[in-house]
Amino acid sequence: MSLNLFIIGPSGSGKSTQAKLIAQKYHLTHFSMGSLLRDEISKSSHIGLDAKVYIDKGIPVPADIILPLLSDALNKINNQNFIVDGFPRLINQGHYISQYLNSKHSPLSLLIHLTCDFLEIIRRRQNNPDFQKEDKHRSDNTPQAIANRQKLLYQANIGPILDFFKNHNKLFEVDGNRPIEPIFTDICQKIDQLQINKNF
């Protein structure tokens, strides 16, 4: 069976870093939802121009924009053996992707949730050049202001997502406040156990 993973967490939690490591170890295709959207923006496509309005405001891109984009990307790899970081961000996105993958007979394997303290996120935003480059393009662009805005947005939406995947035994939560290596080790242990269970 294919290994179909999603990883979420607040901005700055390290989900993209972990997704890249996981993709390399398990030979998965890595999709960053943010990168997919930025690619469309750079091409000035219809999707990109519509998405930019929301991204510039720091709010989630609506389902009618983001879902066809992700579905098309997954369909190109036959909806198998991938990890998507930064998705789902809203509960309707979680419902959609579960139904979509089930309809393709390639169900979602696991949603990995990186928990991270927001003081740690502020520290990372202040010290990471990638975040500094990203933040300068926003009007409210201090690390504290961005982290606080994202904290409110994240907390407003994360509960129903976690409940949904937990109820379907598809949720794995891991402490994202630690260095990269122990987080990666914990995630790999969970994935390995998942694969062992699939073989029985």
Side-chain angles (χ1 to χ4, degrees), residues 3-24 26 28-77 79-101 104 106 108-116 121 124-125 128 130-131 133-135 137-138 146-147 149-151 153-158 160-162 164-165 170-172 174 176 187:
L3 186 60
N4 302 337
L5 305 173
F6 291 79
I7 184 167
I8 61 172
S11 179
S13 61
K15 55 186 176 291
S16 292
T17 298
Q18 294 296 329
K20 291 173 185 175
L21 293 171
I22 294 164
Q24 183 177 22
Y26 294 97
L28 306 177
T29 302
H30 171 217
F31 294 107
S32 163
M33 203 64 244
S35 292
L36 288 175
L37 289 168
R38 286 189 291 272
D39 288 346
E40 293 299 316
I41 291 171
S42 68
K43 292 187 290 188
S44 296
S45 69
H46 179 68
I47 288 177
L49 293 174
D50 288 345
K52 189 175 187 300
V53 175
Y54 298 92
I55 292 172
D56 285 349
K57 295 177 181 178
I59 60 177
V61 179
D64 60 341
I65 297 175
I66 205 168
L67 297 179
L69 179 61
L70 179 58
S71 300
D72 183 59
L74 294 177
N75 197 49
K76 289 176 181 176
I77 59 166
N79 304 289
Q80 294 183 350
N81 297 312
F82 60 81
I83 181 165
V84 179
D85 80 68
F87 184 93
R89 295 186 67 188
L90 300 171
I91 185 57
N92 66 339
Q93 296 174 354
H95 290 159
Y96 171 86
I97 200 62
S98 294
Q99 294 169 1
Y100 170 80
L101 290 172
K104 300 298 182 180
S106 187
L108 183 149
S109 303
L110 193 68
L111 175 72
I112 302 161
H113 175 225
L114 287 180
T115 62
C116 197
I121 288 172
R124 292 178 184 179
R125 295 199 83 97
N128 189 316
D130 290 336
F131 280 124
K133 181 179 178 181
E134 172 189 327
D135 293 349
H137 296 297
R138 295 179 174 174
I146 291 171
R149 183 176 66 243
Q150 292 179 338
K151 175 182 179 180
L153 180 67
Y154 174 78
Q155 291 180 334
N157 292 293
I158 192 62
I161 296 172
L162 300 181
F164 175 75
F165 287 99
K170 300 285 188 179
L171 176 66
F172 177 61
V174 59
I187 293 172

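Predicted model only: the values in this text are computed from it and were never measured.
- Although no hydrogens or angles enter the test, the distance criterion places a donor-acceptor pair under 3.5 Å between the side chain of Ser106 and the main chain of Asn79.
- For the pair Leu74 and Ile97, the minimum side-chain heavy-atom distance is below 4.5 Å.
- Put simply, CD1 on Ile22 and CD on Gln24 are 11.5 Å apart, with the number rounded to the nearest 0.5 Å.
- Contact between Leu114 and Gln18 at its shortest, heavy atoms only, is CD1-CG, 4.2 Å.
- Shown here are the side chain to side chain contact (heavy atoms under 4.5 Å, CB included) partners of Ile77, two or more places apart in sequence or in another chain: Thr29, Phe31, Phe82.
- Remark: side-chain polar atoms of Lys15 are not paired, donor with acceptor, to backbone N or O of Ile7 under 3.5 angstrom.
- For Arg89 against Asn157, the heavy-atom pair with the smallest separation is O-CB, 3.5 Å.
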Dump the intermediate steps for side-chain contact (heavy atoms from CB on, under 4.5 Å) on Leu69 and Val61, then the final yes or no.
-> CA-CA 11 Å; Leu69 179 61; Val61 179; over 6 Å; no

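- With sequence neighbours excluded, no residue forms a salt bridge (charged side-chain N to carboxylate O under 4.0 Å, His left out) with Asp39.
- Remark: Ser109 pairs with Leu3, Asn4, Leu5, Leu194, Lys198 by the side chain to side chain contact (heavy atoms under 4.5 Å, CB included) rule, at least two apart or across chains.
- From Ser32, atom OG reaches atom CG of Leu37 across 8.5 Å, with rounding to the nearest 0.5 Å.
- When all heavy atoms of His30 and Ala19 are compared, the pair lying nearest together is NE2-CB, 3.5 Å.
- Under the salt bridge (charged side-chain N to carboxylate O under 4.0 Å, His left out) criterion, Lys20 pairs with no residue at all, not counting sequence neighbours.
- Residue-environment remark: NZ (Lys52) stays at or below the threshold of 12 foreign heavy atoms within 6.0 Å.
- Note that CD of Gln80 and CG of Asn75 are 11.0 Å apart. Values are rounded to the nearest 0.5 Å.
- For the atom pair Ile66 CD1 and Tyr54 OH, the distance stands at 12.0 Å (nearest 0.5 Å).
- Partners of Glu40 by side chain to side chain donor-acceptor pair (under 3.5 Å), not counting sequence neighbours, listed by chain and number: Lys43, Ser45.
- Checked against side chain to side chain contact (heavy atoms under 4.5 Å, CB included), Leu67 has the following partners two or more places apart in sequence or in another chain: Ala63, Phe87, Gln93, Tyr96.
- Legend: residues meeting side chain to side chain contact (heavy atoms under 4.5 Å, CB included) with Pro160, ordered by chain and number and at least two apart, are Ile91.
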What's the verdict on side-chain contact (heavy atoms from CB on, under 4.5 Å) for Ile187 and Leu21, showing C-alpha distance, side-chain angles and the deciding distance?
-> CA-CA 10 Å; Ile187 293 172; Leu21 293 171; over 6 Å; no

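- Considering only residues two or more places apart in sequence or on other chains, Ser98 meets the side chain to side chain donor-acceptor pair (under 3.5 Å) condition with none of them.
- Not counting sequence neighbours, the partners of Tyr26 by the side chain to side chain donor-acceptor pair (under 3.5 Å) test are Asp192.
- We find the CG-CD1 distance between Leu162 and Ile8 to be 5.5 Å, quoted to the nearest 0.5 Å.
- Nearest heavy-atom pair, Pro88 versus Phe165, reported as atom, atom and distance to 0.1 Å: CG-CE1, 4.0 Å.
- Lys104 is linked by a side chain to side chain donor-acceptor pair (under 3.5 Å) to nothing, counting only residues two or more places apart in sequence or in another chain.
- If you take CG on Asp72 and CD1 on Ile47, they are separated by 8.0 Å, rounding to the nearest 0.5 Å.
- Residues that satisfy the ring pair (Phe, Tyr, Trp, His ring centres under 6.0 Å) test with Phe164, not counting sequence neighbours, are His95, His168.
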